[in-house]
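Counting convention: from 1, in listed order, for ligands and their atoms alike. On a predicted model such as this, the values are computed, not experimentally measured, just so you know. Hydrogens, waters and symmetry mates are skipped; everything else that's a heavy atom, side chains included, is used.
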Amino acid sequence: MTPDPAADSGSRLRVVLSQQQIAARVREMGQQIARDFVGESVLLVGVLKGAAVFLSDLARAVPLDASFDFIGTSSYGAEKVSSGEVRLTKDLEQPLIGRNVVLVEDILDTGLTMMYLRQIFLARQPKALKIAALLDKACRRQHQVVADYVGFVIPDEFVVGYGMDYSEKYRNLPDICVLEEQ
Ligand code: IMP
């Protein structure tokens, strides 16, 4: 039996999306992006750090000429709730002007982060801007943001794994799990 990495912290991990389910859906999302930008190149921008794992799998499922960049934001400290304010902690290294940009996010929650990033990105005049979110907590939305590519719509539960953390832990879990208090 695989040891539960949360066991010592008084929490328990319950798998809600297995690595097989994630892999199958990420492949479909990659094909969808490839169809939308057929014959063109794309810039995949991952939102650090949560989207790093998703971006690396998604990029390999997009059979197009693709480049990567990363942007860093922070709205959560060591808490499970957002502070309600987004800060840019790392800017892009590449210009967006005239490029097909896919903003790659692990999870759309209130929509605050995406709303903030969308404004910044549009001001840099990309040719096209699409949003890919692996998870969508649609019931939590407070800001008007709709992703163009959504992996799974999930209920209002705090999830970890596949890049997502709680207080910087659990990012390396291959499955997506709910962290339950014991
Ligand atoms: P939003 O700005 O409220 O939409 O929050 C988006 C960001 O919050 C995501 O990119 C995640 O980093 C973080 N987040 C929201 N819900 C969860 C969760 O259930 N687990 C881990 N991180 C989350």
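- Each of the following atoms of ligand 1 lies closer than 4.0 Å to a heavy atom of T113: 1 (P), 2 (O), 5 (O), 6 (C).
- You'll find the side chain of L58 stays beyond 4.5 Å of the side chain of Y149, heavy atoms only.
- Close contacts of ligand 1 with E157, meaning ligand atoms under 4.0 Å from a residue heavy atom, involve 19 (O).
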Kindly determine whether H143 and T110 satisfy side chain to side chain contact (heavy atoms under 4.5 Å, CB included), including the steps that lead there. CA-CA 6 Å; H143 305 274; T110 65; 4.2 Å; yes
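- By the criterion of side-chain heavy atoms lying less than 4.5 angstrom apart, applied directly or through intervening Ile, Leu, Val, Met, Phe, Trp or Tyr residues, F152 is grouped together with V159 in one hydrophobic cluster.
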Check the pair V45, Q94 against side chain to side chain contact (heavy atoms under 4.5 Å, CB included), reporting the backbone distance first and the verdict last. CA-CA 10 Å; V45 177; Q94 301 181 45; over 6 Å; no
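- The option with the heavy atom closest to atom 21 (C) of ligand 1, from among L179, I176, L112, V159, is V159.
- For the ligand labelled ligand 1, residue V47 lies outside the 4.0 Å heavy-atom shell.
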For D69 and R124: C-alpha separation, side-chain torsions, deciding distance, then whether salt bridge (Lys or Arg N to Asp or Glu O under 4.0 Å) applies. CA-CA 15 Å; D69 205 341; R124 297 182 188 184; over 6 Å; no
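- Taking a cut-off of under 4.0 Å to the non-hydrogen atoms of D165, the atoms of ligand 1 that pass are 21 (C).
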Go through it in stages, so that I can follow the logic: the residues are F54 and D106, the test is side chain to side chain contact (heavy atoms under 4.5 Å, CB included), and I'd like the CA-CA distance, side-chain angles, deciding distance and then a yes or no. CA-CA 7 Å; F54 174 40; D106 53 357; 5.7 Å; no
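- Looking at M164 next to ligand 1, no N or O pair under 3.5 Å apart turns up.
- Using a 4.0 Å cut-off to heavy atoms of E105, the atoms of ligand 1 that qualify are 9 (C), 10 (O).
- Among L17, V150, V153, the single residue meeting the side chain to side chain contact (heavy atoms under 4.5 Å, CB included) criterion with L135 is L17.
- Using a 4.0 Å heavy-atom cutoff, K137 is listed among the residues neighbouring ligand 1.
- Contact between G50 and ligand 1 is absent, with no heavy atom of the residue lying under 4.0 Å from the ligand.
- Residue contact annotation: V160 has no non-hydrogen atom under 4.0 Å from ligand 1.
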